[in-house]
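Each chain gets a letter, A, B and so on, in the order its sequence line appears, and its residues count up from 1. Just so we're clear, the structure is a prediction, and the values are computed from it rather than from any experiment.
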Amino acid sequence: MSRNFALSKPLSIFPRISPSTKIQTLNPQPFTDHNLNNPSNINNITFNPETFFTSLLDRSTCRRHLNQIHSQIIVTGLQFNGFVITKFIHLGSNLGEISCARKVFDEFPEPYVFLWNAIIRGYSKENMFSEAIMLYTRMQNMGVGPDCFTLPHVLKACGGAAAFEVGRAVHAQIFRRGFEADGFVQNGLVAVYAKCGRIDNAGMVFERLGDRTVVSWTSIISAYAQNGKPVEALRIFKKMRMYGLQPDWITLVSVISAYADIEDLGQGESCHSCVIRMGLESEPDLRIALVTLYAKCGNIMVAKSLFDEVETCNVIMWNTMISGFAKNGYCDEAIVLFKRMLSKNVKPDSVTVCSTILACAQLGSLEEARKMGGYIDQSEFKTDVFVNSALIDMYAKCGSVDLARKVFDKTKTKDIVVWSSMIVGYGLHGKAHEAINLFNLMKQAGVGPNDVTFIGLLTACNHAGLVEEGWRIFNSMKDYNIEPRHQHYACVVDLLGRAGCLDRAYDFIKKMPIKPGVSVWGALLSASRIYRHVALGEYSAEHLFSLDPYNTGHYVQLSNLYASVRMWSGVARVRVLMKERGLAKDMGCSMIEIKGRLHVFRMGDVSHPRSDEIFKEHKRLDARLKEAGLVADTESALHDLSYEDKEESICNHSERLAIVYGLMSTPSGTTLRITKNLRACVNCHAAIKLISRLENREIVVRDANRFHHFKNGECSCGDYW
DNA sequence: CGTCTACATG
């Protein structure tokens, strides 16, 4: 195939080579603009072009030269040389120029299997899985049979596309063609089934594997880890160690992420030291796993310091840290990190923006949410289903169910998550009829509900007080073959509790097929608090104190219950209990946005620059409220459990300060949006209702649990929360 | 020439 020939003009751009030069001893200098554009050192010499090009293609690292190399290949008549063209396709896909590789592939007349392998590998590497699978099909239609190198690439594509049926078909071919003994192919199959969520199939392939290497074990360990079975994954890891096999770094990635899943910081840390012992600290993917571990275990500072040590982070590292912050409630930090990433010209992907949107949702600032929405709107992500469901959730959680609906309406492909996000959004705001209408539309659109859809519907009924409707919906779950989960039971208890059917709620709990947990007992306690049922409240609280002993909220609820029936001894007992356990009442904290700035208030807070004005205005408003007949419920003033707080006027609660500041600094008629960290207090709730009428303002308050829309002296929660 | 990994919406 090779022949000597005289250099013709276009090749003069290449560096000087003597005819006898062996490829490996070629001038190792990189293929740069300098030697490209400096033809002076090139003369008419002869050489072997095939070896020359294969070597060049092996060494080149610059995508700008691909087209030039291609035209040189054509000039030298090597465009029909299979070796050269295969190398070219390899290089093209390694440099991320898959379309260039494809062009060359398409121009090649002979159906050589290694060319197909190269192009399928390229698409698989570029995550263009369906294209890879299509080419595989076409290859067979053209009568080219796969070899043992084709199959791992195809399997990777099947896994990436989560294409179970295709994967199974490929599995069948593997048998027919006798590749079932190939370890690479087998390990690939385990991974395909794992990524399609078919853990049983993965296990079957693994069981039949005769020669299990570290890679085989890693495949099955990660299969369990990826499918929500971290405990099982770790069990298999121990088994692998018993066989005397040492994990490689990829094994450790899977093991660490399993420990992250079960939030076992201790074991995770020993993996970390193992990583250090093995000298794998600088392996980027391992570091990502470790950052995830520490973030999931709530050790965000350690996660951050591991992140900070990395000089150049890839997108996934950024994503990991951003979502770590967001999930731990460090919303500001997440958003700041996103901005820093943009300023460093790192291109975000859909995962990045999903995590940042989550941070905005948690922050609750509609202003910040709008900015994020604007960014998405002019980005490539505006049609991404993941991103759109995150946006719907964000707008709903930031108080604007209308903006959520706008995103919902313009989302073309509505999957179950998109529908459910919107239904849950309506649920948060107590818009039960809208939620139910949407549920019907969803069914008409041929999308089947899942468990989250029902959580949305039940919370909607709950927050809107539609007890019977909610009960009916709960019972309809079995028609859809959806097993109620803990959350669903909690919604029903809440629902019955709201109606004052405490005994029925208690009966319902007793008949639950699963062990009632925190949210179920929490719902019963909160119903007991509202209907002043001390015995049931105490009973629920007992469960809560043992299940969730460090959650201050439960203690406060019980104390409020005692206070409401003037059982001061009970209030004192709770206070002692809290002190014993080292708990202090969470500081109430409210935020309001004015002109794009977030103003934070705490109880009796005088730190605001306009504090004097605020308190003056506050006093004036208070007088008006009294005049209008508002009587402060002084008994529940004692719901503040610390002695210090008791002296503070209940009127100084943070949400009031935020509202006063909002009234002062916005034109009349503007909707005020407040976010607070705790549940609304009885006094403030009554006061805000009145304020909404007196000042003729809509006031939207997001408390720790739900939204309250105050308007004309009424609240959307119907005074139950 | 290839197999195992990390981040993500309700």
With a 4.0 Å cut-off on heavy atoms, is [X] in touch with a base, just the backbone sugar-phosphate, or nothing at all?
X	result
A:Ile416	base
A:Asp248	base
A:Ala191	sugar-phosphate
A:Lys327	sugar-phosphate
A:Trp419	nothing
A:Asp415	nothing
A:Ser421	sugar-phosphate
A:Asn388	nothing
A:Val424	sugar-phosphate
A:Thr218	base
A:Ser254	sugar-phosphate
A:Lys87	nothing
A:Gln186	nothing

Where does the angle between the aromatic ring planes of A:Phe325 and A:Tyr330 fall among parallel (under 30°), tilted (30 to 60°) and perpendicular (over 60°)? tilted
Checking A:Phe386 now: which residues fulfil ring-ring contact (aromatic ring centres under 6.0 Å, His included) with it, not counting sequence neighbours?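 None.
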Who are the salt bridge (charged side-chain N to carboxylate O under 4.0 Å, His left out) partners of [X], not counting sequence neighbours?
X	answer
A:Asp494	none
A:Asp415	none
A:Arg405	A:Asp409
A:Asp402	none

Where along residues 230-240 of chain A does a heavy atom come under 4.0 Å from DNA chain B, residue by residue in number order?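 Hits under 4.0 Å, by residue number: none.
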How would you list, by chain and number, every residue that makes a side chain to side chain contact (heavy atoms under 4.5 Å, CB included) with A:Cys158, sequence neighbours excluded? A:Ile133, A:Val154, A:Val166, A:Val170, A:Val192
Nucleotide range of DNA chain B lying under 4.0 Å from chain A heavy atoms: B:dC1 to B:dG10
Listing, residues 272-280 of chain A side-chain donor-acceptor contacts under 3.5 Å, not counting sequence neighbours, or none:
residue: A:His272; atom: ND1; partner: A:Tyr294; partner atom: OH; Å: 2.8
residue: A:Ser273; atom: OG; partner: A:Ser270; partner atom: O; Å: 2.8

Output yes when A:Arg121 and A:Glu131 qualify as a salt bridge under the 4.0 Å nitrogen-oxygen rule, no when they do not. no
